[in-house]
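For reference, the structure discussed in these notes is given below.
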There are 2 protein chains.
Amino acid sequence: MKSGMNDVDRKVLSRSLLDIAWSFGPKGLDGSCCQDLGMAEFLALDGISRIADCPVQQVGHSLGFTKSGATRIVSRLVMKGYVSKRSSGHDARVCCLEVTEHGREMLSQAYAQYGNLLNRVFSGLDETEKGELQESLIRFSTLLMRENYQEENR
Amino acid sequence: MKSGMNDVDRKVLSRSLLDIAWSFGPKGLDGSCCQDLGMAEFLALDGISRIADCPVQQVGHSLGFTKSGATRIVSRLVMKGYVSKRSSGHDARVCCLEVTEHGREMLSQAYAQYGNLLNRVFSGLDETEKGELQESLIRFSTLLMRENYQEENR
DNA sequence: CCATTTAGTTGACGTCGTCAACCAATAGTG
DNA sequence: CACTATTGGTTGACGACGTCAACTAAATGG
């Protein structure tokens, strides 16, 4: 067999990834990432925090939402006080999004919760195993993101 | 440091897992696992296929839905022709769910799609790397499921 | 200067899961 | 054996969420 991975392997792996996606994602952490933030909102907030003067479109793009969906998720984050919005000086059409202090607190709190979960999951493993697992997960994530990127620029 | 994993590590890992969850899960595969099945529906279908005469409650339980939500997702699957429902002979309250032939086709087709994605993601890795990565992902999934289990029986 | 493109918003809408109330069937108890 | 409590499942009202299409306003480009 060319690929070296048979149907059973792929199915088991797919199911494992689905389980990870389900329990770490939408249904993880008691149904929402953190307090009043859903998963998409959390990802949006995190995305905004990584880009200076992030435009609304950018949020939609990185989440795979339409620009309408982007407006909606951003306005929710603004309403909750996690993000501030002002229009750009250079181009009055674009908005500059910025994470507020309140938003940064929320972000680090949410990451702390995820960290706690990871600690519980990893408890019982020795340092070497922990390190290997972590490295593999990050590597897979990188590969997956790369594939997504290639996919959308096809 | 006791845990051996610092804040930065945990944050990077969390974000990686979130990315996996987002792109392999709700937003992966063009927004839905396969044709007219959403992620939750797919997981429900897969769950039902693994249990003989699966009751409705069981579906809700494994997805973390209320029994109401379970009824709803099951009735959707029945409506779409992927699942058949009949009441048990032993206890007239419980329903016996069974995946139909149509459902099985859908299931294997969906897994095939996931498999294709995985093949694309893994393309460029040698067999050893591929195997290691796969093993790590399955291992992490197992640990995560175990933690979820302990969590809910606390 | 006018046509086109681009950033963003909004109303109507469909999907999805929850909550609470409810029905029917079974189990437990005096 | 009746009577109550529990359990499996369903349903109406609801809120959260994202899409679609139409729209506004601000650039951009002959």
Side-chain angles (χ1 to χ4, degrees), chain A residues 22-23 25-45 47-48 51 53-80 82-98, chain B residues 22-23 25-28 30-45 47-48 51 53-80 83-98:
Chain A
W22 190 250
S23 62
K27 272 297 164 183
L29 295 176
D30 301 319
S32 61
C33 290
C34 208
Q35 295 177 42
D36 58 352
L37 283 186
M39 183 185 185
E41 286 171 2
F42 178 78
L43 288 176
L45 187 58
I48 294 167
I51 296 175
D53 293 335
C54 178
V56 172
Q57 300 269 27
Q58 178 59 42
V59 176
H61 184 257
S62 62
L63 265 69
F65 285 177
T66 62
K67 58 182 185 167
S68 167
T71 296
R72 296 236 137 93
I73 201 168
V74 165
S75 68
R76 243 146 54 215
L77 290 174
V78 170
M79 199 153 47
K80 290 172 183 172
Y82 297 136
V83 164
S84 70
K85 184 167 75 170
R86 57 172 230 287
S87 75
S88 163
H90 300 299
D91 185 335
R93 290 171 305 179
V94 317
C95 297
C96 296
L97 302 176
E98 215 68 60
Chain B
W22 191 248
S23 61
K27 272 297 166 183
D30 301 321
S32 61
C33 290
C34 208
Q35 295 177 43
D36 58 350
L37 284 184
M39 181 183 187
E41 286 171 1
F42 177 78
L43 288 175
L45 187 58
I48 293 168
I51 297 175
D53 293 335
C54 177
V56 172
Q57 299 268 28
Q58 178 59 43
V59 176
H61 183 256
S62 62
L63 266 68
F65 285 177
T66 62
K67 58 181 184 168
S68 167
T71 296
R72 298 235 137 95
I73 200 167
V74 165
S75 66
R76 243 147 52 214
L77 289 174
V78 170
M79 199 156 45
K80 290 173 183 172
V83 164
S84 70
K85 184 167 76 172
R86 56 171 230 287
S87 76
S88 164
H90 301 300
D91 185 335
R93 290 171 305 179
V94 318
C95 296
C96 296
L97 302 176
E98 215 68 59

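In what follows, chains carry the letters A, B, and so on, assigned in the order in which the sequence lines appear, proteins first and then strands, with residues in each chain numbered from 1. Predicted, not measured: the structure shown is a model, and the values here were computed from it.
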Checklist entry - Just how far, in rounded Å, is C1' of D:dT10 from CZ of B:Arg72? => result 8 Å
Give me, pair by pair, the N or O atoms of the protein and of nucleotides 26-30 of chain D that are less than 3.5 Å apart, along with how far apart they are.
from   : atom 1 : to      : atom 2 : distance (Å)
D:dA27 : OP1    : A:Asp91 : OD1    : 3.4
D:dA27 : OP1    : A:Ala92 : N      : 3.0

Next on the checklist: If I take atom NZ in residue A:Lys67 and atom C1' in nucleotide D:dC17, what distance separates them, rounded to the nearest angstrom?
Outcome noted: 19 Å
Checklist entry - What salt bridge (charged side-chain N to carboxylate O under 4.0 Å, His left out) pairs are there with at least one residue in residues 82-97 of chain A, not counting sequence neighbours? => result A:Asp53-A:Arg86, A:Asp91-A:Arg93
Item to check | Check: A:Trp22 side chain, A:Lys27 main-chain N or O, donor-acceptor pair, under 3.5 Å | outcome: no
Item to check | Distance (rounded to the nearest 0.5 Å) between B:Phe42 CZ and B:Asp36 CG | outcome: 12.5 Å
Checklist outcome for this item: Taken to the nearest whole Å, CE/B:Met79 to P/D:dT11 is 11 Å
Checklist entry - Would a 4.5 Å heavy-atom cut-off, applied to side chains only, mark B:Cys54 and B:Val59 as touching? => result yes
Checklist entry - Residues in side-chain hydrogen bond (donor to acceptor under 3.5 Å, both in side chains) with B:Arg76, at least two apart? => result B:Glu41
Checklist entry - Do A:Ser88 and A:Cys96 have side chains that get closer than 4.5 Å, going by heavy atoms? => result yes
Checklist entry - Is there a donor N/O on one and an acceptor N/O on the other, under 3.5 Å, for the side chain of B:Ser68 and the base of D:dT10? => result no
Next on the checklist: Going 5' to 3' along DNA chain C, which are the first and last nucleotides with any atom under 4.0 Å from a heavy atom of chain B?
Outcome noted: C:dC16 to C:dT26
Next on the checklist: I'd like to know if the side chain of B:Lys67 and the backbone of B:Gly60 have a donor-acceptor N/O pair within less than 3.5 Å.
Outcome noted: no
Checklist entry - For DNA chain C, which residues in residues 54-65 of chain A have a heavy atom at a distance below 4.0 Å? => result A:Pro55, A:Val56, A:Gln57
Checklist entry - Heavy atoms under 4.0 Å, any strand shown: does A:Ala40 hit a base, just sugar-phosphate, or nothing? => result sugar-phosphate
Next on the checklist: Judged by each residue's nearest nucleotide on DNA chain D, which is more toward the 5′ side, B:Lys85 or A:Ile73?
Outcome noted: B:Lys85
Item to check | Gap between atom CG of B:Leu45 and atom SG of B:Cys34 - 0.5 Å precision | outcome: 10.0 Å
Checklist entry - What integer distance in Å separates B:Asp53:CG from D:dG9:P? => result 12 Å
Checklist entry - If you take all heavy atoms of A:Phe65 and A:Ala40, which pair is closest and at what distance? => result CZ-CB, 4.1 Å
Item to check | Distance-minimising heavy-atom pair for B:Cys95 and B:Val56 | outcome: CB-CG2, 4.0 Å
Checklist entry - When rounded to the nearest 0.5 angstrom, what distance separates CD1 in A:Ile73 from OG in A:Ser68? => result 11.5 Å
Item to check | Min side-chain heavy-atom separation B:Leu77-B:Ile48 under 4.5 Å | outcome: yes
Checklist entry - Say you draw a straight line from CE of B:Met79 to OG of B:Ser75; how long is it, rounded to the nearest 0.5 Å? => result 5.5 Å
Checklist outcome for this item: Taking five pairs at each terminus, the helix from C:dC1-D:dG30 to C:dG30-D:dC1 shows an axis bend, to 10°, of 10°
Next on the checklist: Nearest heavy atom decides the nucleotide; on that basis, is B:Ala70 or A:Ala70 closer to the 5' end of DNA chain C?
Outcome noted: A:Ala70
